[in-house]
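A, B, ... follow the sequence lines: proteins, then strands. Residue 1 opens every chain. As the structure is a prediction and not an experimental result, all values here were calculated from the model. Only this structure's heavy atoms are used, side chains among them; waters, hydrogens and symmetry mates stay out.
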8 protein chains.
Amino acid sequence: METFARLDFGRRERTGFGETVFGAGKTPEQLAKIFAAFRAERQPVLATRCTAEQAAHLAEAGVACTWDPVSRTIVSDGRRNPPLKGLVAVCTGGTADMPVAEEAAKTVEFFGARVLRLFDVGVAGLHRLLSRLDDIRSADVVIAVAGMEGALGSVIAGLVGAPVVAVPTSVGYGAGAGGLAPLLAMLNSCAEGLSVVNIDNGFGAAVCACRMLKLRR
Amino acid sequence: METFARLDFGRRERTGFGETVFGAGKTPEQLAKIFAAFRAERQPVLATRCTAEQAAHLAEAGVACTWDPVSRTIVSDGRRNPPLKGLVAVCTGGTADMPVAEEAAKTVEFFGARVLRLFDVGVAGLHRLLSRLDDIRSADVVIAVAGMEGALGSVIAGLVGAPVVAVPTSVGYGAGAGGLAPLLAMLNSCAEGLSVVNIDNGFGAAVCACRMLKLRR
Amino acid sequence: METFARLDFGRRERTGFGETVFGAGKTPEQLAKIFAAFRAERQPVLATRCTAEQAAHLAEAGVACTWDPVSRTIVSDGRRNPPLKGLVAVCTGGTADMPVAEEAAKTVEFFGARVLRLFDVGVAGLHRLLSRLDDIRSADVVIAVAGMEGALGSVIAGLVGAPVVAVPTSVGYGAGAGGLAPLLAMLNSCAEGLSVVNIDNGFGAAVCACRMLKLRR
Amino acid sequence: METFARLDFGRRERTGFGETVFGAGKTPEQLAKIFAAFRAERQPVLATRCTAEQAAHLAEAGVACTWDPVSRTIVSDGRRNPPLKGLVAVCTGGTADMPVAEEAAKTVEFFGARVLRLFDVGVAGLHRLLSRLDDIRSADVVIAVAGMEGALGSVIAGLVGAPVVAVPTSVGYGAGAGGLAPLLAMLNSCAEGLSVVNIDNGFGAAVCACRMLKLRR
Amino acid sequence: METFARLDFGRRERTGFGETVFGAGKTPEQLAKIFAAFRAERQPVLATRCTAEQAAHLAEAGVACTWDPVSRTIVSDGRRNPPLKGLVAVCTGGTADMPVAEEAAKTVEFFGARVLRLFDVGVAGLHRLLSRLDDIRSADVVIAVAGMEGALGSVIAGLVGAPVVAVPTSVGYGAGAGGLAPLLAMLNSCAEGLSVVNIDNGFGAAVCACRMLKLRR
Amino acid sequence: METFARLDFGRRERTGFGETVFGAGKTPEQLAKIFAAFRAERQPVLATRCTAEQAAHLAEAGVACTWDPVSRTIVSDGRRNPPLKGLVAVCTGGTADMPVAEEAAKTVEFFGARVLRLFDVGVAGLHRLLSRLDDIRSADVVIAVAGMEGALGSVIAGLVGAPVVAVPTSVGYGAGAGGLAPLLAMLNSCAEGLSVVNIDNGFGAAVCACRMLKLRR
Amino acid sequence: METFARLDFGRRERTGFGETVFGAGKTPEQLAKIFAAFRAERQPVLATRCTAEQAAHLAEAGVACTWDPVSRTIVSDGRRNPPLKGLVAVCTGGTADMPVAEEAAKTVEFFGARVLRLFDVGVAGLHRLLSRLDDIRSADVVIAVAGMEGALGSVIAGLVGAPVVAVPTSVGYGAGAGGLAPLLAMLNSCAEGLSVVNIDNGFGAAVCACRMLKLRR
Amino acid sequence: METFARLDFGRRERTGFGETVFGAGKTPEQLAKIFAAFRAERQPVLATRCTAEQAAHLAEAGVACTWDPVSRTIVSDGRRNPPLKGLVAVCTGGTADMPVAEEAAKTVEFFGARVLRLFDVGVAGLHRLLSRLDDIRSADVVIAVAGMEGALGSVIAGLVGAPVVAVPTSVGYGAGAGGLAPLLAMLNSCAEGLSVVNIDNGFGAAVCACRMLKLRR
C-alpha cells in the first residue's frame with residue numbers, strides 16, 4: 001500500500017477526528033486495500049466521492065460497508081466514532097444541491113453528531129425558508145449549501161446567531177458557472193458570521209461544523 | 001463641436017427617448033458646448049457621471065441647469081420630456097449603492113415617470129425588505145441595485161410580478177470586487193423575470209424601465 | 001416527490017406566472033412524477049433543457065405532452081395559460097443560435113403571447129436585418145439572441161424603441177468562448193434600452209418579456 | 001441620518017452580536033452621526049476601516065472613543081459587550097499581514113473574548129510556528145491570516161483540533177496579487193477543519209470566531 | 001545612451017519601416033538623447049505615448065519637432081519618409097476613441113500614406129456609418145477603432161472588401177472594462193477579413209496598414 | 001433550407017470573396033443541402049471544420065468535392081475562383097499546429113493564391129527558421145501559426161517587411177492552455193506589423209491575407 | 001516523416017541533452033516512425049504523455065522499449081545517456097501527484113542521474129516531511145510536486161539550501177482547479193530559491209534539474 | 001522591533017544564504033532598525049524594493065550603505081558574503097525591463113557571484129541576441145528578463161545548455177498587461193531547461209541562480 005497512500009492514523013490524536021478517504025481517482029482495488037488498513041487499525045472509515053463501481057467491488061470483496069448513492073459516500077464503522085453533542089442544520093437552495101448537502105450530512109453523522117435536513121429552501125421562494133426559521137434557529141451550526149446566485153448563506157446568517165458554513169455548489173451555467181458565482185457571492189456576503197469552503201466541498205464544511213461542536217463541552 | 005461629438009438628435013424619433021450625455025472624460029468646455037447644442041435644438045438634456053467641476057463651469061457659463069452631487073447628474077430641461085405613466089421602484093441593498101440608485105432615479109424622473117425610493121433594504125436584514133413589500137408590489141417596474149453578494153434582485157423577483165432590472169454595483173472588496181460578484185449572482189439568479197445591466201449602470205437600467213413603461217398605453 | 005423537488009404552486013399567485021421545470025439533470029422518472037403533480041394541480045407545465053430520452057419516457061408513461069427537439073422543451077397544457085396581449089420578436093445572429101432562440105419563443109408562446117421569429121439576421125450581413133426593420137418595430141418587446149461578437153442587441157436597440165432583452169449564446173470558440181464575448185459585448189452596449197440575461201438563457205429572457213407585456217393593460 | 005444609513009439595532013436580538021460600522025467611504029460627519037445614534041441606543045460601537053481623519057473628527061466632536069491606527073478601528077464602549085468565554089489565537093504569516101490580523105483581534109476583544117497574538121510565524125521558517133505549537137493548541141478557535149502563498153492555514157489545521165478560520169490578505173504581487181493566490185490556496189487546503197472569509201476580512205473572521213465561542217456554554 | 005536603449009537603425013533595411021520610439025516611461029532627457037541619435041542618423045522619428053512635459057522639454061532643448069496632444073505623438077521629420085501610395089480609413093465608434101484613432105492616423109501619415117478620418121460612427125446609430133459607406137469603400141485598408149461592445153469592425157468588414165485592422169480601446173467600464181469586451185468581440189467577429197491588434201494600440205494597427213499598402217506597387 | 005441557414009450569395013459582390021460554410025455542428029444532410037444551393041448558384045464552395053462523417057455523406061450523395069482530413073476542409077469548385085496574384089507563406093511553430101495551418105493554406109488556395117508551407121520552424125530551434133529566411137522574405141503576406149508561447153509571429157515580424165497575420169493555436173496545457181498564452185503573446189508582440197485572429201482561426205487568417213493580396217493590382 | 005515532425009538531433013550538441021518526444025496526440029504509427037528515426041541516429045529516446053495503446057503498438061512493431069504506466073513514459077535506450085553526477089529528490093504532496101512526479105523521476109533517470117522518491121509528504125501532516133528532512137537535505141536539487149494549495153515547495157525551500165523546482169499539479173477541484181491554485185501559490189512563495197514550471201510539467205522540471213546537475217563538475 | 005518583524009538570522013545556517021529585507025511598505029524608521037539589527041549580528045544586508053526616501057533616511061541616520069536607484073536596492077556589507085564561483089548572465093528583452101534585471105544583478109553580486117549584463121536583446125531584433133551568443137554560452141546560469149510577449153527565455157533556452165531562470169516583467173499594456181502575457185508564455189515555453197519566478201521578481205531569480213552556483217564545488 002506504501003506505493004499509493006500513506007494513511008495518517010495519528011490524525012485523530014492530533015486533531016480529534018480520524019483520517020478519511022477521498023475516493024475520486026482511486027481504483028476499486030486501492031480502495032479495498034485502504035479499507036482493510038483501517039480495519040486493521042480498528043478505525044471507522046468514511047470515503048467520499050465514490051462511484052457505484054467502487055462500492056460494488058468492496059461488496060464483492062466482502063468489506064462490511066454502506067454505500068449511499070446520493071452523497072456518493074461509503075462508510076464502514078466496525079467501531080463507531082464517539083457521539084458528538086449538538087445539532088447541525090444542513091440547508092440547500094435547490095434540489096440540484098442535494099449530493100453536496102448529503103455529503104455534508106453523512107459526514108456529520110459519521111463523526112457522531114445529529115443532522116437536520118432542510119432542502120430546497122432557496123431565496124427565490126422566501127416563504128419556504130421563513131416557515132422553517134425556528135428549526136434553523138434550533139441548530140448549533142448551520143451548513144448552507146447553494147449554487148446559482150448563492151444567496152442562501154447571507155439570508156440565513158442574517159437571521160440566526162449560530163456560525164454558518166457556506167458551501168457553493170457547481171450548480172448553474174453560463175457566466176459564473178462551475179460554482180464561481182455562488183463562491184464569490186458567499187465571500188462577499190453582507191451578513192456576518194459566515195465562512196466559506198471550496199465549491200462542492202460538503203465534506204469540508206462538515207468537518208468544520210464538527211470541530212465547532214467540540215467547543216460544546 | 002464636430003471634432004469631439006456627433007449628437008444624435010434623431011434618436012428620439014427612432015427610439016422614443018432623446019439623446020443624453022455621458023459626462024465622464026469630457027472637459028467642462030466640451031460639456032458647455034454640448035448643452036448649448038441641445039438648447040439650440042430645444043431639447044431637454046441629461047448628463048450623467050459629471051463632476052462638481054463640470055457643474056461649476058456650466059453655472060459660471062450661465063447654463064440653466066441643476067447639479068445633483070449624489071447621482072452626479074446635470075439636468076437642463078428648458079422644455080420638459082412628456083410625462084410617462086407608471087411607477088418605478090428603485091431599491092438598494094446598502095447605503096453605498098446610493099449613487100448608482102440615484103443615477104437611475106434621476107434618469108427615470110428626467111424621462112417623465114415617478115420613482116419610489118427604497119434604500120438600504122439588503123438581504124442581511126430581511127425584515128427591512130419584507131416590511132416594504134406592498135410598496136414594491138405597487139410598482140410597474142423594479143430596479144434592484146446591489147453590490148456585495150447582489151442577492152437583492154433574486155429575492156425581489158421571487159416576491160413580485162413586475163419585471164425587475166438588476167444593477168450590480170462595484171461596492172465590495174477582495175474576491176469578486178469591482179462588481180464581479182453581484183454581476184455573476186444576478187446573471188445566475190434562480191428567480192425568473194430578472195434582467196441585468198452593466199456594473200454601476202444606473203442610467204441604463206432607467207432607460208430599460210422607461211421603455212417598459214411605454215408599453216402601458 | 002418530496003425528496004427531490006418542492007414545487008412552488010403559489011408562484012402564479014405571487015408573480016403572475018406559474019412554476020416551470022428545469023429538465024437538465026433530472027431522471028425521466030423524476031420528470032414524470034413532476035408532470036403528474038402539475039396535472040393534479042390542473043396547471044399547464046413547461047419543462048426546458050429536456051432530452052429526447054426524457055420525452056420518450058413521458059410518451060411511454062402516457063403523459064399528454066409535446067416535445068420540441070430544437071428548443072428541447074416539453075409542454076403539457078391540459079388547461080392553457082390565459083392569452084397575453086402583445087408581440088415578442090425573437091431575433092438571432094446566426095443559425096447556431098436557434099436552440100436558444102426557440103427556447104425563448106416556445107416559452108413566450110407557453111405563457112400566451114405571440115412570437116415573431118427573425119432568424120439569421122446577424123451584423124456581418126447588415127442588409128438582412130435592415131430589410132426586416134418594420135417587422136422588428138412592430139414588436140412590443142424584442143429578444144436578441146446572438147453568439148460570436150454579440151453585436152445584434154446593440155444594433156437593434158439603436159433602431160427601435162421597444163425594450164430589448166439580449167441573450168448571449170455559447171456559440172463561438174477560442175478567446176471569449178462559451179458565451180463570454182457576447183455577454184461582455186451586450187453588457188457594454190453603447191445602445192440604450194438593452195438588458196441582459198445569462199448565457200443561453202432563452203427561457204429567462206422570455207419570462208422577462210412576458211412580465212413586460214403584462215404592463216399592456 | 002435616514003438618508004445614508006439604516007442602523008439595525010435589532011441585530012443583537014436576532015444574532016447575538018450588535019450592529020457594527022464599516023467606516024470606509026463614510027464622511028467624518030456621517031461617522032459622527034452614527035456614533036451618536038449608537039450612544040442614544042446605549043450600545044457599544046465598533047467601526048472598521050477608518051482613517052486617521054475620521055478619528056480626528058470624532059475626537060474634535062467630543063465623542064469618547066479609541067482609535068487604533070494599525071487595525072484602523074474606532075471603538076466606543078460606553079456600555080461594554082458582555083464577556084465571551086474562550087480564547088482566539090490570531091496568527092499571521094508575515095509582518096505585512098498585521099493590519100488585517102489586528103482588525104480581527106480588536107473585533108474579538110470588542111465582543112468580549114480574549115486574544116492570543118502569534119505574528120510572523122509563516123511557513124518559510126517553520127521553526128517559528130512549531131516552537132509556539134502549545135500556545136496555538138490552547139486556543140478554542142484559530143484565525144490564520146496570510147498573504148503570499150497562504151499556506152499558514154493548512155499547516156495549522158493539520159496540527160490542531162480547533163476550528164480554523166483562514167483570512168487571505170492582499171499581500172503579494174505579480175500573478176495572484178491582491179489576495180487571489182492565498183484565497184485559492186486556502187479554499188484548496190488539503191487540511192480539514194478550515195473555512196475561509198474574503199480577502200483582508202479580519203472583521204468577518206472575528207465574528208465567525210465569536211459565534212463559535214458562543215457554543216461554549 | 002547605451003545604458004537605456006539600443007536603437008535599431010537597421011530595421012528600415014530589414015522591414016521597410018524605420019525604428020520608432022515608445023515614449024511612455026522615458027524621462028524627457030532620455031527622449032531628447034534619442035531624438036538626437038535619430039538626427040545623427042538623418043532618420044525621421046516618431047514617438048508615441050508622449051506627455052506634454054516630454055514635448056516641452058524637447059522644445060526647450062531646441063529639438064525641431066511637432067507635438068500633437070490628442071494622439072500624444074511627437075514627430076521630427078528633418079528628412080521625410082518616402083510617400084506610400086494608398087488611402088487608409090480610420091473609423092471610430094465614439095468620441096472617446098479619438099486618442100487611439102489619432103495615434104493610428106498620425107502614424108500612417110508619418111509613414112507617408114493618406115488618411116481618411118471617420119469618427120463617431122458607432123453601431124448604436126447605424127445611419128451615421130451607412131451614410132459614409134462610399135467613403136469607407138474608397139479606402140485600401142480600414143482601421144476600425146472601438147471600445148464598449150466593439151462591434152464596429154464586424155459591421156464594416158461585412159460591408160467592404162478591404163482588409164480591416166480592428167483596434168479595441170479601453171473605453172468602457174464594469175464587466176469587460178479596460179478593453180476586454182471589444183477585444184473579445186473583435187476576435188470573435190462573425191465577419192471575415194478582420195484582424196486585431198492589442199487594446200489601444202493605434203500605432204500597431206497603423207504599421208500593419210502601411211505594410212499592406214506596400215503590396216500596391 | 002430557410003430554416004437552418006440564410007446563405008449570403010451577395011457577399012462576393014460586397015467584399016470580393018464569396019460565402020463559405022462553417023461545417024462544425026451541421027448535420028451531413030444540412031451540409032449536402034448547402035452544397036446543392038451553391039451548385040445552383042454556380043459558385044465554388046469551401047466548408048471548414050468538417051468531419052469525416054460529413055465528407056462521407058457528401059460522397060455518397062454524389063456531390064463532387066474533395067475532403068482533406070488534416071485541414072478538415074471540403075472543397076467543391078465546379079467553377080473556380082479567379083486566380084489571385086501573390087504568395088502567402090504559412091509557417092508553424094510545431095507539428096501540432098498543422099491542422100490550423102492547413103486550414104489557412106487550403107483557404108488561400110481556394111481563393112486562388114499560391115501558398116508556401118514552412119512547418120515546424122518554432123523558436124526553440126532557431127536555426128530551422130533562420131535557414132529558411134529567404135523563402136519567408138519572398139512572400140507577400142506571412143501567416144504565422146503557433147501554440148505554446150506563440151513567439152513565432154514576433155520573431156518573423158522582426159525579420160521581414162510583409163504584413164504578418166498571427167494565428168494562436170490551442171496547442172499547450174496547464175496555465176494559458178486553450179491558446180490563451182500564444183494569443184496574449186501575439187497581442188503583446190514587441191515586433192511591429194503583426195495582427196492577430198482568434199485562436200485556431202486558420203480560415204480567418206487566410207481571408208485577411210487574400211484581402212491584402214487584392215491590393216496588388 | 002517530414003510531414004509531421006522535424007526532429008532536432010543537433011540539440012544535444014547545443015544544449016547537452018538530446019531531443020525527446022511529446023507523445024500526446026501522436027498516432028501509434030507516427031510514434032513508431034519517430035522511434036525508428038532515433039534508432040537510426042543511435043540516440044536513446046524518451047517519450048512522455050504516452051498511452052497504453054501507443055506502447056502496445058511499439059511492442060507489436062518490435063521496437064525495444066519500456067513502457068511505464070504510472071509516468072506514462074516510453075524509453076528506448078539502445079545506447080544510454082552518459083551518467084550525470086548528483087542526486088535529485090522528487091517529493092509529492094499527495095498520492096494523486098504521483099503520475100507527474102514519476103514523469104519527473106523517469107526523465108531524471110533517463111538523463112543519467114539518481115532519484116530519491118519522497119511521496120505523500122504534504123503539509124497537512126507535517127511530521128511526514130520533517131521525519132525525512134535529512135534525506136531531502138542530501139539531494140543536490142529538489143523537485144517539489146504538489147496540487148491542492150501547493151505549499152510543499154515553500155516549506156521545503158525554507159528548510160534546505162538546494163535549488164527547488166516546483167511543479168504544480170492539476171490535482172484539486174472547485175475554485176483554483178486545474179492547477180491554478182498551486183501554480184499561483186508557488187509563484188507567490190514567501191520562501192526563496194524556488195522556481196516554477198508549468199502545471200503537470202514533470203518532464204520540464206526534470207530537465208531543469210539535470211541542467212543544474214551539469215554545474216557539478 | 002519585535003512588533004513589526006521577526007528576522008531569521010538562522011536562515012544562513014539552514015539554506016546557505018542569509019536573511020534579506022523586502023523594503024516595500026516599511027517606514028524609513030523600521031528599515032533603519034532592521035539595518036541596525038543586522039549590524040548587531042555582523043551580517044551583510046540587502047534590502048530590495050526600496051525608495052529614495054528610505055535611502056535618504058538611512059544616510060541621515062548614519063547607516064553605512066549604498067543605494068542604487070535603478071534596482072531600488074540598498075546594500076550594507078560591513079562583513080561581505082563569501083565569494084561564489086561562477087558567472088550569471090542577466091539578459092533583458094527591452095530597456096524597460098532594466099529595473100527588474102538590475103535587482104537580479106545586484107542580488108547575485110551581493111551573494112558573491114559575477115554578473116554579465118546583456119540588456120535590450122529582445123526577439124524583435126534577433127541579430128542583437130545572436131551576436132552575443134558566445135557571451136551567453138560562457139555563463140553558468142542565465143536569467144532571462146522580459147515583458148511584452150516574453151519570448152526571450154524560450155529563444156535562449158533553445159540555444160544554450162545552462163539552466164535558464166525566466167523573469168516575466170510587468171512591462172506591456174492591454175490584454176495580458178501586468179506581466180500576465182510573458183508569465184504564461186514562459187510557463188508554456190516549447191524550449192526545455194527553463195523555470196520561472198513571479199512577475200518582476202528579479203530578487204527571487206537571483207537567489208535561485210546562486211543556489212545553483214553552489215553546486216559548482
How long is the straight-line distance from CE of Met212(D) back to CG of Asp140(A), given to the nearest 0.5 Å?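 The CG atom of Asp140(A) sits 13.0 Å away from the CE atom of Met212(D).
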Counting heavy-atom pairs under 4.5 Å with chain A, which one of [options] comes out on top?
options	result
Ala166(D), Ala162(D), Ala209(D), Ser189(D)	Ala162(D)
Val207(D), Asn201(D), Val196(D)	Val196(D)
Gly16(D), Ala206(D), Pro163(D)	Pro163(D)

Short side-chain to backbone donor-acceptor contact, Arg14(A) and Gly158(D), under 3.5 Å: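 Judged by distance alone, yes, a pair lies under 3.5 Å.
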Arg211(D) side chain vs Glu192(A) backbone, donor-acceptor pair below 3.5 Å: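 Between the backbone of Glu192(A) and the side chain of Arg211(D) there is a qualifying donor-acceptor contact (under 3.5 Å).
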Evaluate the side-chain proximity of [Y] to [X]: yes if any heavy-atom separation is below 4.5 Å, no if none is.
X	Y	value
Leu183(A)	Leu187(D)	yes
Thr15(D)	Val160(A)	no
Cys208(D)	Ser195(A)	yes
Leu194(A)	Val197(D)	no

Side chain, backbone, both or neither: which part of Phe22(A) has an atom under 4.5 Å from a heavy atom of chain D?
->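 Contact with chain D is absent: no heavy atom of Phe22(A) under 4.5 Å.
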How far apart are the closest heavy atoms of Val141(D) and Leu215(A), and which atoms are they?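 Taking every non-hydrogen atom into account, CG2-CD1, 4.1 Å.
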